[in-house]
Visitor: 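Would you mind keeping the following structure in view while I ask a few things?
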Amino acid sequence: VTSPEAPVVIEVPVVIVDELVARPGRAAEVLRRYRQEYVPAARERGLRLLHEWVSPPVLLEHGSNTLVVVWGVDGPDGWWRARAGGRDPGVIGFWERLTPLLEVRHRRHLAEAGDLDRLAGVGR
Amino acid sequence: LTVWHTTVVTLAPAAQASAGPAAAGPAAGTQVRAALEASAAGAAGLLESWVRPTLPGVVRGGDLIRHLGFEDEDAVARWRASSAYAAPRAALTGAAVSACASATYGPGRAGARALPGSGAVYRALLLRAEADERTLARFEDELFAMGEVIPVMRRWRLSRLLACEGPVPWTHVWEQVFPEPDALRLAYMRHPYHWGQVDRWFDGESPDRIVTIDFCHTFCLLAS
């Protein structure tokens, strides 16, 4: 809800995944706008772009593609730094503008199974 | 069934320095705090009453928190109709106060855990959630589960509001008691269940967001 005030103390890799299911024929436009309008500001919030995956791996003119964009951040503090986007009217506006091009989207937060104990103990 | 009434008061800049526990003299902030403390004294059915200055780090969380517990809704109604409630209102609407908002709620769902030490930091998140009833139920279940999943709270309680006064029509209050401020600022904030699961209801980037951005995050020392 709010950002922690302490300096970064741990850097367990954390992954943020955007899964964007484009409306038929709109995947190329979704990818272009994501790259142009979202990626630069996200990088400024410390997000590292790891993958831009497309399924099926051919952009369809009449069918729907799913874009899976994978970002990396450094631990919970890096995650909260990236989370500033959720309070930024410019970022929120981007998602509102993209919504008409999408059938559905999800955002997920992941970590390696081997890192879960370290993550749960952060801050204690 | 206990009903709570919590008020968040934001002082005008000139009054802020005098609201803390070390304040002395007839400064405006001290008068506001005294008015809050006097406002419920002796009220019939009053079970719990305290006023505390907030700690640095609140978000729209004001400078003073007044927290009252009554034995039932009728007791709250009788208090609000009484002269004791009306008398300090002048102090709360005067030049020393820039904003005042209150929530009446209860009984809610509550949990508790034994933790070492005697410190206590009270935190309240007053929020507005906009969703259908099924989605609200999922949101409430996940939010309440933080008390079990994140083992750094002595007590926690999630309630829907019965009534609300102020600029934001809050719908819920999520209250917790932590052993010390860093348990809230660090352990709670950094726990993966917080940012990896529950925060999506609040995050403006998330397609699952239902909580409006004008929430009130406030906290104070109860004991140290």
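Naming convention: chains lettered A, B, ... in sequence-line order (proteins, then strands); numbering from 1 in each chain.
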Visitor: Are E205(B) and V91(A) packed together at the side-chain level, in the sense that at least one heavy-atom pair is separated by less than 4.5 angstrom?
Guide: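 Counting from C-beta outward, E205(B) and V91(A) do come under 4.5 Å.
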Visitor: Can you check whether anything in residues 41-64 of chain A gets within less than 4.5 Å of chain B, heavy-atom wise, and list it by number?
Guide: R45(A)
Visitor: Would you check if W79(A) and M189(B) make a side-chain contact, meaning some heavy-atom pair closer than 4.5 Å?
Guide: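 No. Closest side-chain heavy atoms not under 4.5 Å.
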Visitor: Can you measure from NE2 (H109(A)) to CH2 (W195(B)) and round to the nearest 0.5 angstrom?
Guide: 8.5 Å
Visitor: What's the spacing between D199(B) CG and W80(A) CH2 if we round to 0.5 Å?
Guide: 4.0 Å
Visitor: Is any side-chain heavy atom of L119(A) closer than 4.5 Å to one of Y193(B)?
Guide: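 No, their side chains stay 4.5 Å or more apart.
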Visitor: Kindly indicate whether the side chain of R87(A), heavy atoms from C-beta on, has any atom under 4.5 Å from the side chain of F202(B).
Guide: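 A side-chain contact is absent here, since even the closest heavy-atom pair is not under 4.5 Å.
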Visitor: Report yes if some heavy atom in the side chain of R107(A) is under 4.5 Å from a heavy atom in the side chain of S206(B); otherwise report no.
Guide: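 Counting from C-beta outward, R107(A) and S206(B) never come under 4.5 Å.
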Visitor: Could you tell me whether R32(A) atom CZ has more than 12 heavy atoms of other residues or ligands within 6.0 Å of it?
Guide: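 More than 12 heavy atoms, drawn from other residues, nucleotides or ligands, come within 6.0 Å of this atom.
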Visitor: I'd like to know whether CD of E29(A) has more than 12 heavy-atom contacts from other residues, nucleotides or ligands below 6.0 angstrom.
Guide: yes
Visitor: Take a 6.0 Å sphere around CZ of R128(B) and say whether it holds more than 12 heavy atoms from other residues, nucleotides or ligands.
Guide: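 Counting other residues, nucleotides and ligands, CZ of R128(B) exceeds 12 neighbours.
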Visitor: Using a 4.5 angstrom heavy-atom cutoff, name the option from G196(B), P207(B), A183(B) with the most pairs to chain A.
Guide: P207(B)
Visitor: Go through the atoms of V104(A) and report whether side chain, backbone, both or neither lie under 4.5 Å from a heavy atom of chain B.
Guide: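 Neither part.
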Visitor: Taking all non-hydrogen atoms of both residues into account, name the closest pair between A120(A) and P192(B) and its distance.
Guide: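 Looking at all heavy atoms of both residues, the shortest contact is CA-CD, 3.8 Å.
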